[in-house]
Amino acid sequence: MASRVKKTTSVPIGEFFERHGEALSMKLISKEQGFDHPIKEPAPNRPGLALAGFFSYFAKKRIQVLGNSEMSYLKKLNPGMREERFLRMCERDIPAIVVARGIEFPKELLPIADKHSIPVFGTKLVTMNFLNLATLKLEGEFAPSTTLHGCMIDVRGIGVLIMGKSGSGKSETAIGMLERGAALVADDMVRISLANGELIAAAPALSRGYIEIRGIGIVNVANLFGLASIRPEKRLDLVVNLTPHADQNDVDRLGLQPKSFEIIGQGVPLVEIPVAPGRDTARMVAIAALDQQLRHLGYNMADEFNDRLMRHMGNK
């Protein structure tokens, strides 16, 4: 199934601050300005060399982070030199400045940042902790993503995307899984992004924690099954496609022919489960998830049976 992949080339600093400011303990020091400045590279930068006057390879497309080393160096400069170096950095249209460790930012430098509409933030996090966490957040923002129609659940640590034609019972199957202790990630619209080589599934903020059941309507999963029944995001490990009962003859009955489903260039194990009246589809999905968990541990039940069959035939 073809899906359109969205690639992000820049993120406004205002949107980044709104989404991740709390997690990064960021507080605005300057005026509320320049929030439309784009972050164009998914990593922060420590501008030590720039503050020393070397701008040849200055990473101006990144958030500039001033830690203990940079701030100590600035304080040792005479006031004129300090303002001149800071001015040269702000003139290069940087997205924003973040001062780590809760260090007080020199008040005489704020007018320079204001003149160039550069927002200045402070964080109480240790510099390296902020750099690592901000990098993870930025990689998530810049990760290629796509949206698929289905239902994403977490079954004992295995992320399962249930797909199928409209009316095939995806949401009903998910409810059956929730009753068995699974957790809902997303229903109907599943956003999938590729970050650090892994496919991560999540729900749009508006529909997170809700599921639609035909004949009943919209259901708040947390109210029915508790907070443990929802997940904000989950790695995608398995795709289950619910197929019509009439197509069951085309399904691999032994599991010896592994299939995969391509998402953003990544192959994900695919299992096709026929849907029929009276069949416990939720239980079948649970078994498929447990089988996938065993395969992750290096144990393949289908291969084991096939080896036993070959040995039995060889002894005759």
Subject >> Sole residue of D291, V271, I162 in side-chain contact (heavy atoms from CB on, under 4.5 Å) with L238 >> reply: V271

Original post:
Is the shortest side-chain N to carboxylate O distance from D187 to R208 below 4.0 Å?
Top reply: no

Original post:
Does the distance from a Lys or Arg side-chain N to an Asp or Glu carboxylate O, for E141 and K137, drop under 4.0 Å?
Top reply: no

**OP:** Indicate yes or no: at least one non-hydrogen side-chain atom of T8 is less than 4.5 angstrom from one of S145.
**Re:** no

Original post:
Less than 4.5 Å apart, any side-chain heavy atom of V240 and any of L242?
Top reply: yes

Closest heavy-atom contact between [X] and [Y]?
{"X": "C90", "Y": "A113", "answer": "SG-CA, 4.4 Å"}
{"X": "K170", "Y": "M163", "answer": "CD-C, 3.6 Å"}
{"X": "S171", "Y": "I211", "answer": "O-CD1, 3.8 Å"}

Original post:
Under 3.5 Å, is there a donor-acceptor pair between the H149 and D188 side chains?
Top reply: yes

**OP:** Scan for salt bridge (charged side-chain N to carboxylate O under 4.0 Å, His left out) pairs involving residues 60-85, sequence neighbours excluded, and state none if there are none.
**Re:** E41-R62, R46-E70, R82-E108, E84-R88

Subject >> Cluster link F16 to V65, ILVMFWY, side chain under 4.5 Å >> reply: yes

Original post:
Taking the side chain from T147 and the backbone from M189, do they hold a donor-acceptor pair closer than 3.5 Å?
Top reply: no

**OP:** Look only at the side chain of S30 and the backbone of V120, and say whether a donor-acceptor pair between them is shorter than 3.5 Å.
**Re:** yes

Subject >> Parallel, tilted or perpendicular, as decided by the 30° and 60° cut-offs, for the rings of F54 and Y57 >> reply: tilted

**OP:** Could you check whether the rings of F17 and F35 sit parallel, tilted or perpendicular, using 30° and 60° as the cut-offs?
**Re:** perpendicular

**OP:** Output, in order, the C-alpha distance, side-chain angles, deciding distance and verdict of side chain to side chain donor-acceptor pair (under 3.5 Å) for Q292 and D237.
**Re:** CA-CA 8 Å; Q292 186 62 32; D237 301 299; over 6 Å; no

**OP:** May I ask you to check whether F121 and F130 place their ring centers less than 6.0 Å from one another?
**Re:** no

